[in-house]
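Worksheet for the structure shown next.
Reminder, nothing fancy here: chain letters follow the sequence lines and each chain counts from 1. In this text the structure is predicted, and so the values were computed from the model without any measurement. Worth knowing before you read on, the calculation uses all heavy atoms, side chains too, and leaves out hydrogens, waters and symmetry mates.
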Protein chains: 2
Amino acid sequence: MSGINENNIDIEIIKALADETRLDILRLLKNQEMNVNEIAAHCTVSRPTISHHLQIMKRARILVSRKEGKEIFYSVNGYVLTSLAQSILSLISF
Amino acid sequence: MSGINENNIDIEIIKALADETRLDILRLLKNQEMNVNEIAAHCTVSRPTISHHLQIMKRARILVSRKEGKEIFYSVNGYVLTSLAQSILSLISF
DNA sequence: AAAATCTTTCGATGAATTACAAAAAAAGCA
DNA sequence: TGCTTTTTTTGTAATTCATCGAAAGATTTT
């Protein structure tokens, strides 16, 4: 049983996307990495709340982080989103 | 501003997918339409709960329904899922 | 009209989620 | 060593969500 039609939808990844604030963050990170402060400057919610959302997306592997001195830069893991898109398409009959 | 890169992710659709029971229902409906009773026979949750989940997915336009006598048959709207997959890919930088 | 069948709505409850302020942790700089 | 900056963790309040049994709505059959 390989290849076609596995439907491995990872519910943790979908749940991590099912929040407006987290989608906003993803849109911010589309073309550039940012740290929590930069992200918070563009959002309406508090810095701790942003940090919380970042952890959720990191745990779901939607984001990856890179530490540079005292700063932590976040960026999008395109592979995970590509796989998710595939899984969603696999819900449709051929 | 057309075509490329609109990122119209509809959060209602994502939220409608972010539940294990609803994903189970979608997998059941992949190749055949079913009514609530048939779906409930394959799930562990109660009929009213199934009905509730069906309404959520119908409101999000993931499902469509067809009434035949006293029965209502549900099936997957592939177009909505295809659009969602596109939107998810649009979160990735080119 | 009444009964039977299929389905949804109502009302309640427990669990999960989001959000903030305040405190704590981690790392570099004076 | 203290001081500042960046970030996360904690504690708490408010909201949202999934679930069930019971009741109600809708349609066909008798």
Side-chain angles (χ1 to χ4, degrees), chain A residues 9-29 32-77 80 84 91, chain B residues 9-29 32-77 80 84 91:
Chain A
I9 279 205
D10 186 335
I11 191 126
E12 288 311 312
I13 296 174
I14 293 250
K15 281 186 177 172
L17 286 181
D19 179 273
E20 196 66 73
T21 301
R22 290 197 285 271
L23 286 181
D24 287 342
I25 292 173
L26 282 177
R27 286 186 272 258
L28 282 173
L29 294 179
Q32 60 207 294
E33 56 179 19
M34 285 185 172
N35 62 21
V36 182
N37 264 322
E38 294 172 309
I39 296 169
H42 288 85
C43 295
T44 62
V45 296
S46 71
R47 209 177 355 249
T49 299
I50 299 281
S51 183
H52 178 235
H53 287 305
L54 290 174
Q55 300 320 307
I56 288 173
M57 289 197 281
K58 216 180 130 181
R59 210 173 309 130
R61 307 190 329 281
I62 294 173
L63 295 183
V64 293
S65 63
R66 179 179 68 81
K67 197 166 195 173
E68 184 179 318
K70 54 188 160 186
E71 293 168 85
I72 298 176
F73 290 97
Y74 291 87
S75 54
V76 176
N77 180 353
V80 166
L84 175 64
L91 290 170
Chain B
I9 278 206
D10 185 335
I11 191 130
E12 288 310 313
I13 297 175
I14 295 249
K15 282 185 178 174
L17 286 182
D19 179 273
E20 195 66 74
T21 300
R22 291 198 284 271
L23 287 181
D24 287 344
I25 293 173
L26 282 177
R27 287 186 271 256
L28 283 173
L29 294 178
Q32 58 207 296
E33 57 178 20
M34 282 186 174
N35 62 21
V36 182
N37 264 322
E38 293 173 309
I39 296 170
H42 287 86
C43 295
T44 61
V45 296
S46 72
R47 210 175 356 248
T49 299
I50 299 284
S51 184
H52 176 239
H53 287 305
L54 290 173
Q55 300 319 307
I56 287 173
M57 289 196 281
K58 214 180 130 179
R59 210 175 307 131
R61 307 191 327 284
I62 295 173
L63 294 183
V64 294
S65 63
R66 178 179 70 82
K67 195 168 193 172
E68 184 180 317
K70 56 188 158 187
E71 294 169 83
I72 299 175
F73 290 97
Y74 290 88
S75 54
V76 177
N77 182 351
V80 166
L84 175 62
L91 290 169

### Whether Arg22(B) side chain and Lys15(B) backbone form a donor-acceptor pair below 3.5 Å
yes

### Task
Rounded off to whole Å, could you give me the CE-to-C1' distance for the Met57(A) and dT18(C) pair?
14 Å

### Spacing between Glu68(B) atom CD and dT28(D) atom C1', to the nearest angstrom
13 Å

### Message
Once salt bridge (charged side-chain N to carboxylate O under 4.0 Å, His left out) is applied, do any residues pair with Glu20(B), and if so which ones, sequence neighbours excluded?
### Response
Arg27(B)

### Summary
So CE of Met57(A) and NE2 of His52(A): to nearest 0.5 Å the spacing works out to 11.0 Å

### Task
Specify the separation, in whole Å, of atom CD of Glu38(B) and atom P of dT5(C).
16 Å

### Task
Could you list the residues that satisfy salt bridge (charged side-chain N to carboxylate O under 4.0 Å, His left out) with Arg66(B), not counting sequence neighbours?
Glu33(B), Glu68(B)

Identify every side-chain donor-acceptor pair in residues 40-48 of chain B under 3.5 Å, counting partners at least two apart or on other chains, and give the distances.
{"from": "His42(B)", "atom 1": "ND1", "to": "Glu38(B)", "atom 2": "O", "distance (Å)": "2.9"}
{"from": "Ser46(B)", "atom 1": "OG", "to": "Thr49(B)", "atom 2": "N", "distance (Å)": "3.3"}
{"from": "Ser46(B)", "atom 1": "OG", "to": "Thr49(B)", "atom 2": "OG1", "distance (Å)": "3.0"}
{"from": "Arg47(B)", "atom 1": "NH1", "to": "Asn37(B)", "atom 2": "OD1", "distance (Å)": "2.6"}

Considering only nitrogen or oxygen atoms on both sides, find all protein atoms under 3.5 Å from nucleotides 25-27 of chain C and state each distance.
{"from": "dA27(C)", "atom 1": "OP1", "to": "Lys67(A)", "atom 2": "NZ", "distance (Å)": "3.1"}

### Task
Whole angstrom is fine here: how far is it from CG in Asn37(B) over to P in dC6(C)?
6 Å

### Query
For Leu29(B), which residues count as a side-chain contact (heavy atoms from CB on, under 4.5 Å) partner, sequence neighbours excluded?
Ile25(B), Met34(B), Ile39(B), Leu63(B), Tyr74(B), Val76(B)

### Message
Contact between Leu28(B) and Asp24(B) at the side-chain level, heavy atoms closer than 4.5 Å - yes or no?
### Response
no

### Task
Check Lys67(B), Lys70(B), Glu71(B) against Asn35(B) for a side chain to side chain donor-acceptor pair (under 3.5 Å) and give me the one that passes.
Glu71(B)

### Task
Rounded off to whole Å, could you give me the CD-to-C1' distance for the Glu33(B) and dT7(C) pair?
16 Å

## Note on the structure
Given protein heavy atoms under 4.0 Å, the one-letter contact record of nucleotides 8-22 of chain D, with B base, S sugar-phosphate only and - none, is simply BB--------SBBBB

